[in-house]
Structures are given as C-alpha cells and as structure tokens.
Amino acid sequence: MIKIAPSILSADFSKLGNQVETLEAYGADIIHLDVMDGRFVPNITFGAPIVKSIRNFTKLPFDVHLMIEEPSRYIEDFVKAGADIITIHYEADKHIDRTINYIKSFGVKAAVALNPGTPVSNITDLIPNLDMVLIMSVNPGFGGQKYINYASNKIKEVKNLSLKYNNDLLIEVDGGIDTHNIKQVVSCGANVIVAGSAVFRQNNIQQNISELKRGF
Ligand code: DX5
Ligand code: ZN
C-alpha cells in the first residue's frame, strides 16, 4: 500500500483548513506538516498552534516533520496539537534513542529523518523500535528543489534493513518527488511519498494527486 502525503508547505496559507479538506477529498492519505525553526534549517514555517487549528478539518493522519533543533522540547506540544506521527531529525538530537521512546510514550508513531549527507548505517540499531524512517531527497528547508539521485540507494538500504529487522516499518521519501520519479522511489521501497509542489502545482490539486497515484 503506497500512501501519498501532500506537504502543506506549498499550500495557500491564508486558507489552510480549506486546503486540508480539499486534499482529503481528492485522495490524499496523510497530511505532511513541515515545521521549521530557522536554526536547524534556514527557513521558519509554523508551530503547534497552526497544526492544532487545522486538526478538525480532516480525519487524515498528521505526519509532523520537525526540522528543529532539540526536538524533545516540543514533542508534547505537537502531540496535544493532534500529531499522529512525529518525525525528528537524526542530526538535531544528541539523544535520539531517548526522544524516540519519549514520542512513543504518548502513543503516537515515531520516525527519524536523515539529511541527504547522513548515512543510513547510523540508524541501523534504531530500526526495530521505529515506526517510520524518512529519507530526505533534498536538503531540508525549502519546497520546490530537485531530487537528489543518491537518495534512491538510501531508500533501498532502508528497505533491506526493514526486511531484516522490522517488516512493518514505513519508508518515507521527501523532496523533489513528481510524476517523473515517483515510480522509481516506489520501486526502491518507499511507501509514504511526500509531495509539495507536485500536489499544489497550478492549484490543480485533484488532477495532480491522481496523476501522482497513476505514476507508480
Ligand atoms: C523540505 C520539506 C519537504 C518539502 C517537499 O524541507 O521537508 O516536505 O516541502 O516539497 P517538494 O515536494 O516541493 O520538494
Ligand atoms: Zn517534509
């Protein structure tokens, strides 16, 4: 089962609730929420109050991608705001194992994201305890960037680890995914596909989601 997770980073922020309703109506499976702090990444987006404000507009799971330093400081806020999956960056937390367990203690799913330059082997020991691994296929911080080709090999590496240590592991890919490369990332083993610009392009959400779904 391949899931499409539109990133609202490319949505119209003046009507986010409505945009989230539209995504659900047109076949999105998960809502991907990109939280940026201006420290871990150069950009600043939004925090828990915005996540909370759109929670009631959809029943879809909220996948909160925390691109913030020391994410453990804000886990509880995002749980209370309605997160179903919380993703923290390997590079942003000195005590990643502890924070994974902390996230899980709230009964939500825990995921670790890897920047393009971070090897998959760094998280081998964490795989049995994770619900999802996120392979970044762009350097995080901005939508609309080009897919980095070596991310495909990293997806394959995670897939191999999941076959060995965690059959239920979700494998998410994020950055530069469109109708041209979605088939490739799925064939490498990704099963949660984040797409921002490819979903909101020309404000044609319905057609864009259905083309992405026809692409794999
Ligand atoms: C990048 C974000 C992505 C991004 C995806 O830092 O994590 O979720 O918004 O956008 P596109 O699909 O435009 O690359
Ligand atoms: Zn993201």
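Just follow the structure's listing: the first ligand is 1, and inside any ligand the first atom is 1.
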Original post:
With side chains defined as the heavy atoms from C-beta onward, is the minimum distance between F200 and Q19 less than 4.5 Å?
Top reply: yes
Subject >> Partner residues of N18 under the side-chain hydrogen bond (donor to acceptor under 3.5 Å, both in side chains) criterion, sequence neighbours left out >> reply: none
Original post:
Looking at side-chain heavy atoms only, is the closest gap between D29 and K213 below 4.5 Å?
Top reply: yes
Subject >> Vertex the Zn ion (ligand 2), rays to OD1 in D34 and NE2 in H32 - rounded to 10° >> reply: 90°
Original post:
For F216 and I4, what are the C-alpha separation, side-chain angles and deciding distance, and is it a side chain to side chain contact (heavy atoms under 4.5 Å, CB included)?
Top reply: CA-CA 11 Å; F216 52 79; I4 298 288; 4.0 Å; yes
**OP:** Using distance alone, determine whether S10 and ligand 1 share an N or O pair under 3.5 Å.
**Re:** no
Original post:
For ligand 1, which atoms sit closer than 4.0 Å to a heavy atom of H65?
Top reply: 7 (O)
Original post:
A195 heavy atoms, cut-off 4.0 Å: which ligand 1 atoms fall inside?
Top reply: 12 (O)
Original post:
Which of the numbered atoms in ligand 1 are below 4.0 angstrom from a heavy atom of H32?
Top reply: 8 (O)
Original post:
Hey, does S197 come in under 3.5 Å of ligand 1, counting only N/O atoms on both sides?
Top reply: yes
Subject >> Shortest protein heavy-atom distance from atom 6 (O) of ligand 1, along with the residue and atom involved >> reply: G141 N, 2.8 Å
Subject >> Atoms in ligand 1 flagged as close to P140, the criterion being non-hydrogen separation under 4.0 Å >> reply: 6 (O)
Original post:
Is there a side chain to side chain contact (heavy atoms under 4.5 Å, CB included) between E24 and V20 once you walk through the steps?
Top reply: CA-CA 6 Å; E24 179 169 5; V20 164; over 6 Å; no
**OP:** State, to the nearest 10 degrees, the angle whose vertex is the Zn ion (ligand 2) and whose arms point to OD2 of D174 and ND1 of H65.
**Re:** 90°
**OP:** List every atom of ligand 1 that sits less than 4.0 Å from any heavy atom of D174, numbering the atoms from 1 in the order shown and giving each element.
**Re:** 2 (C), 3 (C), 4 (C), 5 (C), 7 (O), 8 (O)
**OP:** Compute the minimum heavy-atom distance from A198 to ligand 1 and say whether it is under 4.0 Å.
**Re:** no
Subject >> Any F142 heavy atom less than 4.0 Å from ligand 1 >> reply: yes
**OP:** Report yes if the side chains of M1 and N191 come closer than 4.5 Å at any heavy-atom pair, otherwise no.
**Re:** no
Subject >> Under 4.0 Å to a heavy atom of V194 - the qualifying atoms of ligand 1, by number >> reply: 8 (O)
**OP:** Evaluate side chain to side chain contact (heavy atoms under 4.5 Å, CB included) for I209 paired with L23, printing each intermediate quantity in order.
**Re:** CA-CA 8 Å; I209 291 181; L23 291 170; 4.1 Å; yes
**OP:** Please tell me if the side chains of P116 and Y150 come closer than 4.5 Å, counting only heavy atoms from C-beta onward.
**Re:** yes
Subject >> Any side-chain heavy-atom pair of I54 and L33 under 4.5 Å >> reply: yes
Original post:
Can you tell me the protein heavy atom closest to atom 12 (O) of ligand 1 and the distance?
Top reply: G196 N, 2.7 Å
**OP:** Mark up the atoms of ligand 1 that fall under 4.0 Å of a heavy atom belonging to M36, in ascending order.
**Re:** 6 (O)
**OP:** Specify the protein heavy atom at minimum distance from atom 14 (O) of ligand 1: its residue, its atom name, and the distance to 0.1 Å.
**Re:** G176 N, 2.8 Å
Subject >> Side-chain ion pair, R55 and D84, N-O less than 4.0 Å >> reply: yes
Original post:
Among protein heavy atoms, which sits nearest to atom 9 (O) of ligand 1, and what does the distance come to when rounded to 0.1 Å?
Top reply: L9 CD2, 2.9 Å
Original post:
Do G143 and ligand 1 have an N or O pair less than 3.5 Å apart?
Top reply: no
**OP:** Output the list of atoms in ligand 1 that are nearer than 4.0 Å to some heavy atom of M67, sorted by atom number.
**Re:** 6 (O), 7 (O)
Original post:
In terms of ring plane angle, is the pair F40 and H89 parallel, tilted or perpendicular, where the classes change at 30° and 60°?
Top reply: tilted
**OP:** Report yes if the side chains of L9 and M36 come closer than 4.5 Å at any heavy-atom pair, otherwise no.
**Re:** yes
